[in-house]
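Below: one structure, written as structure tokens.
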Amino acid sequence: MAAPLLNPDRRMEIVRQGVEQQPVIVIDDVLAEPEAWRALAGRLDYGRIGPHYPGLRAPVPPGAAEAMRGELEGVLATTFDLDPVPPVFECCFSLVTTAPEALAPIQRLPHVDGLEQARIAILIFLSGTEMGGTAFYRQRATGFETLDPERFPRFEAALRTGVAEHGLPPAGYISGDTPLYEKIASYEARPNRALIYRSRALHCAEIAPGAALRASATDGRLTVNSFLFGGG
């Protein structure tokens, strides 16, 4: 991949969503050479990484991940009030492959990727709009749109109470309001679009019923998922 990794003509918008007004950076045409990233994704071996992600992952070369973070450092620092901007903790190509009816109960609910204020997620869509985007949620009982160590016990207790009252969510990827959650924002999965947000924001992939969730970097739901955390 040639440097710079990011497209100098990329288009960026900072959205503040929900009651908490958490920032989400939306960047269209983000990568200078998206086809090179797709080609790399097609050469890698994929496997299960962790119990919660509903699909397969393959590591992105560390040099490429850190170079991309470096080119975004300025906007990350100002948008999320980071000093310093944390390093790349993990970066993978990801393919959602689990059929809706095969999802575990926890995979049918919005989630967070961490509770820390300075943990940042960078999501880049490489497949088409028809594969589904990402939505963000508010827990109805608490009003929480983000979690942290102080909030988490109340969130967990409210979730248990809600499940006891309404039952487990039906099999399928969450899409829209439910008895336990209210959708506060939704972002379409345009090819070569990035979403950057705090990992502690409640979110979930927004996948339409009938989407072809293939284990293929060529015609599956392919994304690049980077997580920044730790360091100085």
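Computed from heavy atoms alone, side chains included, the values below leave out hydrogens, waters and symmetry copies.
Taking OG1 from Thr161 and CD from Glu156, the interatomic distance works out to 11.0 Å, rounded to the nearest 0.5 Å. With rounding to the nearest 0.5 angstrom, the CZ atom of Arg140 is 6.5 Å from the OG1 atom of Thr178. Ile124 contributes atom CD1, which lies 12.5 Å from atom CZ of Arg193 (distance to the nearest 0.5 angstrom). Going from atom CG of Asp177 over to atom CD of Glu182 covers 5.5 Å, rounded to the nearest 0.5 Å. Asn192 contributes atom CG, which lies 11.0 Å from atom CD of Glu33 (distance to the nearest 0.5 angstrom). Asp28 contributes atom CG, which lies 9.5 Å from atom CD of Glu188 (distance to the nearest 0.5 angstrom).
Alongside Val19, the hydrophobic cluster contains no other residue (criterion: ILVMFWY side chains under 4.5 Å). The hydrophobic cluster containing Leu202 also includes Leu109, Val112, Leu115, Tyr137, Phe144, Leu147, Phe152, Phe155, Leu159, Val163, Leu168, Ile174, Leu180, Tyr181, under a criterion of side-chain heavy atoms closer than 4.5 Å among ILVMFWY residues, counted directly or through chains of members. With a 4.5 Å cut-off between side-chain heavy atoms of Ile, Leu, Val, Met, Phe, Trp and Tyr, the cluster of Val26 takes in Val15, Val24, Leu123, Phe125, Phe136, Ile184, Tyr187, Leu195, Tyr197.
With hydrophobic clusters built from ILVMFWY side chains whose heavy atoms lie under 4.5 angstrom apart, Leu213 does not share a cluster with Phe93. Under the 4.5 Å side-chain heavy-atom criterion for grouping Ile, Leu, Val, Met, Phe, Trp and Tyr, Leu56 is not connected to Ile207 through any hydrophobic cluster. Grouping the Ile, Leu, Val, Met, Phe, Trp and Tyr side chains by contacts below 4.5 angstrom, directly or via other members, places Ile196 with Leu31. Linking Ile, Leu, Val, Met, Phe, Trp and Tyr residues whenever their side-chain heavy atoms come within less than 4.5 Å places Phe80 and Met68 in a single cluster. Residue Ile25 is grouped with residue Val30 when hydrophobic side chains (ILVMFWY) are merged at heavy-atom distances under 4.5 angstrom, including chains of intermediate members.
Side-chain contact between Glu73 and Thr78: absent, with no pair of heavy atoms (C-beta onward) separated by less than 4.5 Å. Residues Leu222 and Trp37 form no side-chain contact, since every pair of their non-hydrogen atoms from C-beta on lies 4.5 Å or further apart. Tyr173 has its side chain within reach of Pro54: a pair of non-hydrogen atoms, C-beta onward, lies under 4.5 Å apart. Residues Arg214 and Thr97 have side chains not in contact (no heavy-atom distance under 4.5 Å, counting atoms from C-beta outward).
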Start with the C-alpha gap between Leu126 and Val224, add the side-chain angles, then the distance that decides, and say whether side chain to side chain contact (heavy atoms under 4.5 Å, CB included) holds. CA-CA 7 Å; Leu126 291 177; Val224 180; 3.7 Å; yes

Show your working on side chain to side chain contact (heavy atoms under 4.5 Å, CB included) between Ile120 and Phe229 and close with a plain yes or no. CA-CA 7 Å; Ile120 302 298; Phe229 180 64; over 6 Å; no

Begin from the C-alpha positions of Gln117 and Asp81 and carry the test side chain to side chain contact (heavy atoms under 4.5 Å, CB included) through to its verdict. CA-CA 10 Å; Gln117 171 79 6; Asp81 193 21; over 6 Å; no

Can Ile122 and Phe227 be said to form a side chain to side chain contact (heavy atoms under 4.5 Å, CB included), step by step? CA-CA 6 Å; Ile122 304 173; Phe227 301 97; over 6 Å; no

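Judged purely by distance below 3.5 Å, without hydrogens or angles, the side chains of Ser94 and Arg57 pair a donor atom with an acceptor atom. Side-chain contact check for Glu206 and Thr134: no donor-acceptor pair (N or O, by modelled atom type) lies under 3.5 Å. Under 3.5 Å, the side chains of Gln22 and Arg198 contain a donor-acceptor pair of N or O atoms.
Residues Leu82 and Leu76 come closest through the heavy atom pair CD1-O, 3.9 Å. Heavy-atom minimum distance, Ala171 versus Glu101: CB-CA, 3.9 Å. Closest non-hydrogen pair, Ala201 versus His203, comes out as O-ND1, 2.7 Å. The minimum heavy-atom distance linking Pro87 with Arg69 is given by the pair CA-NE, 3.8 Å. Nearest approach of Glu66 to Val88, heavy atoms of both residues: OE2-N, 3.0 Å. Across all non-hydrogen atoms, the minimal contact from Gln17 to Ala185 is OE1-CB, 3.3 Å.
In this structure, His111 has its ring center at least 6.0 angstrom away from the ring center of His52.
Remark: Ile106 CD1 is loosely packed, at most 12 non-hydrogen atoms of other residues, nucleotides or ligands lying under 6.0 Å away. Within a 6.0 Å sphere centred on CD of Gln21, heavy atoms belonging to other residues, nucleotides or ligands number more than 12.
At a threshold of 4.0 Å, the pair Arg10-Asp29 does not count as salt-bridged, since none of the basic side-chain nitrogens sits closer than that to a carboxylate oxygen. The pair Arg151-Glu20 meets the salt-bridge criterion, with a side-chain N (NZ, NE, NH1 or NH2) lying under 4.0 Å from an Asp/Glu carboxylate O. Using a 4.0 Å cut-off between charged side-chain N and carboxylate O, Arg119 and Asp113 make no salt bridge.
Side-chain N or O atoms of Ser216 include one that pairs as donor or acceptor with a backbone N or O of Thr218 at under 3.5 Å. Tyr46 places no side-chain N or O within 3.5 Å of a backbone atom of Gly55 that could act as its donor or acceptor partner.
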